[in-house]
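Convention: sequence-line order gives letters A, B, ...; per-chain numbering from 1.
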2 protein chains.
Amino acid sequence: MSWSRDGGKGPRGYHHGNLREALVRAALALIAEKGPAGFTFAEAARSAGVSPAAPYRHFRDRDELLADVARRGFVLFEEALKAAWNDGKPEPFVAFERVGKAYLAFAREQHAYYSAMFEAGVPLDADPELQQAGDRAFAVLRQGAETLIARLPAGQRPPALMVALHVWSLSHGIASLFGRGDAARRKLPMSAEELLEAGVLVYLQGLGLRGDATK
Amino acid sequence: MSWSRDGGKGPRGYHHGNLREALVRAALALIAEKGPAGFTFAEAARSAGVSPAAPYRHFRDRDELLADVARRGFVLFEEALKAAWNDGKPEPFVAFERVGKAYLAFAREQHAYYSAMFEAGVPLDADPELQQAGDRAFAVLRQGAETLIARLPAGQRPPALMVALHVWSLSHGIASLFGRGDAARRKLPMSAEELLEAGVLVYLQGLGLRGDATK
DNA sequence: CAGCTCATGTGAACGGCTCTTACATGAGTT
DNA sequence: AACTCATGTAAGAGCCGTTCACATGAGCTG
């Protein structure tokens with residue numbers, strides 16, 4: 001990672017040089033520390049070493065910074081899901097389970113991003129790019145669903161969109177309710193990953209799909 | 001509904017008479033209007049006609065009011081789910097689907113409560129009563145799951161807790177992602193209700209359960 | 001009914017936050 | 001070398017949460 005003149009501690013001149021990026025990183029750190037509600041524009045400015053008014057040169061307001069963090073989050077999210085799916089190789093069923101795990105892993109390991117994306121109340125339609133980034137992430141899931149149901153006999157294929165929505169909702173629900181290991185809202189007799197895997201397994205079985213490569 | 005001396009517009013004396021309740025109602029209205037983040041203690045006080053310091057006689061701070069709203073929400077939620085379940089009558093399968101619909105209906109129709117319960121970042125362990133109210137609501141779902149899997153042959157019964165968690169997560173995920181009809185985060189080709197019903201159907205089928213009363 | 005007490009209200013104030021406006025700086029261009 | 005304009009600062013208005021000293025009056029006690 002590298003940016004023009006911000007990583008070091010050397011005194012900066014009147015101009016920061018990379019304030020926009022610095023603010024985003026500060027926002028992530030603050031969200032990770034105190035949640036999306038605890039994050040303040042002023043503190044991000046402080047932690048970047050500029051006056052409280054400076055951020056307004058780069059973001060219309062606090063919400064726009066939050067929306068930008070969410071947008072970046074969706075881009076990373078898409079990458080993570082795509083990497084997990086890996087074009088359905090070596091085997092779609094296995095790959096699909098991997099996507100589920102990646103969903104939960106992202107929610108846990110990139111919790112600041114996840115927070116901005118889903119818990120900060122950022123309206124999805126605030127920014128077309130945000131909207132599109134979200135759509136692209138979902139598209140990965142949809143692609144997976146499509147590949148999976150292709151195994152079913154033509155007569156009994158459910159709509160891929162519906163299957164993707166079900167899996168997404170289940171993953172999202174589990175991540176929201178039991179996502180963080182420690183700060184979880186409720187204690188569980190099993191890990192979130194196991195819960196999701198079992199749920200998807202049962203669901204796919206309900207569709208008539210089996211995990212083994214018999215079909 | 002009735003309270004001692006607050007509903008009317010008659011001038012009140014130095015003391016409000018029912019400030020605590022008035023604040024809760026004001027909070028609900030504000031959350032419904034501007035989301036849990038937009039709700040302010042000061043405005044709730046204003047709308048109850050008292051000074052900004054008055055609420056502190058009834059709640060330690062803003063978060064405690066929010067937590068109280070969430071607690072009341074869980075109580076209502078439990079009632080709604082219980083009514084929908086109706087002891088599994090006339091038929092557990094039908095009743096269980098009714099519970100799912102009730103979940104979504106609550107998220108939509110009581111969105112201010114739902115917001116406080118799940119989207120406001122209120123820590124569940126903030127208050128033991130809040131915790132317990134949440135547990136009681138979940139217990140309804142669990143009871144439903146228990147009754148349903150009792151239909152299965154003894155050898156292939158999954159843990160009721162797991163089934164309940166799956167259904168809860170799916171419901172919660174759908175409600176979070178597509179809950180509000182209008183202000184939904186994403187457009188759908190079907191209603192949230194249909195999506196949930198189909199999902200639960202597929203899931204139960206995966207468990208080996210059929211909707212008709214054959215078993 | 002007189003007097004007391006204490007829960008519940010008020011007013012004023014502190015510090016912090018968002019956001020705006022007028023002004024300062026200096027990097028890049030001509 | 002001069003100019004321009006993106007990017008910074010300072011100051012301040014208005015809001016919020018929260019606290020503290022003080023006011024009020026509802027309900028008990030005698």
A:Tyr56 OH to C:dC17 P: how many Å, rounded?
-> 11 Å
Could you label the plane-to-plane angle of the A:Phe96 and A:Trp85 rings as parallel, tilted or perpendicular, counting under 30° as parallel and over 60° as perpendicular?
-> perpendicular
Atom NZ of A:Lys101: over 12 foreign heavy atoms under 6.0 Å = yes
Side-chain touch A:Arg108/A:Glu193, heavy atoms, less than 4.5 angstrom = yes
Take atom CG of A:Asp63 and atom C1' of C:dT18, then tell me their distance rounded to the nearest Å.
-> 11 Å
Among residues 30-42 of chain B, which contact DNA chain D at a heavy-atom distance under 4.0 Å?
-> B:Thr40, B:Phe41, B:Ala42
Could you list all the ring-ring contact (aromatic ring centres under 6.0 Å, His included) pairs where at least one residue sits in residues 44-68 of chain B, not counting sequence neighbours?
-> B:Phe41-B:Tyr56
Quick one: do A:Arg142 and A:Glu146 make a salt bridge, cutoff under 4.0 Å?
-> yes
Give the ring-plane orientation class for A:Phe77 versus A:Tyr103, where under 30° counts as parallel, over 60° as perpendicular and anything between as tilted.
-> perpendicular
For the pair made of CG in B:Leu66 and P in D:dT18, what is the distance, rounded to whole Å?
-> 11 Å
Any side-chain N or O of B:Arg60 under 4.0 Å from OP1/OP2 of D:dT18?
-> no
Between C:dC17 (P) and A:Leu65 (CG): distance, integer Å = 15 Å
For B:Leu23 and D:dG17, give me the distance from atom CG to atom P, rounded to whole Å.
-> 12 Å
Can you find a side-chain donor-acceptor pair between A:Ser47 and A:Glu43 that sits under 3.5 Å?
-> no
Contact state string [nucleotides 6-11 of chain C, B base, S sugar-phosphate only, - no protein heavy atom under 4.0 Å] | -BBBBB
Would you say the side chain of A:Gln143 lies within less than 4.5 Å of the side chain of A:Asp87, judging by non-hydrogen atoms?
-> no
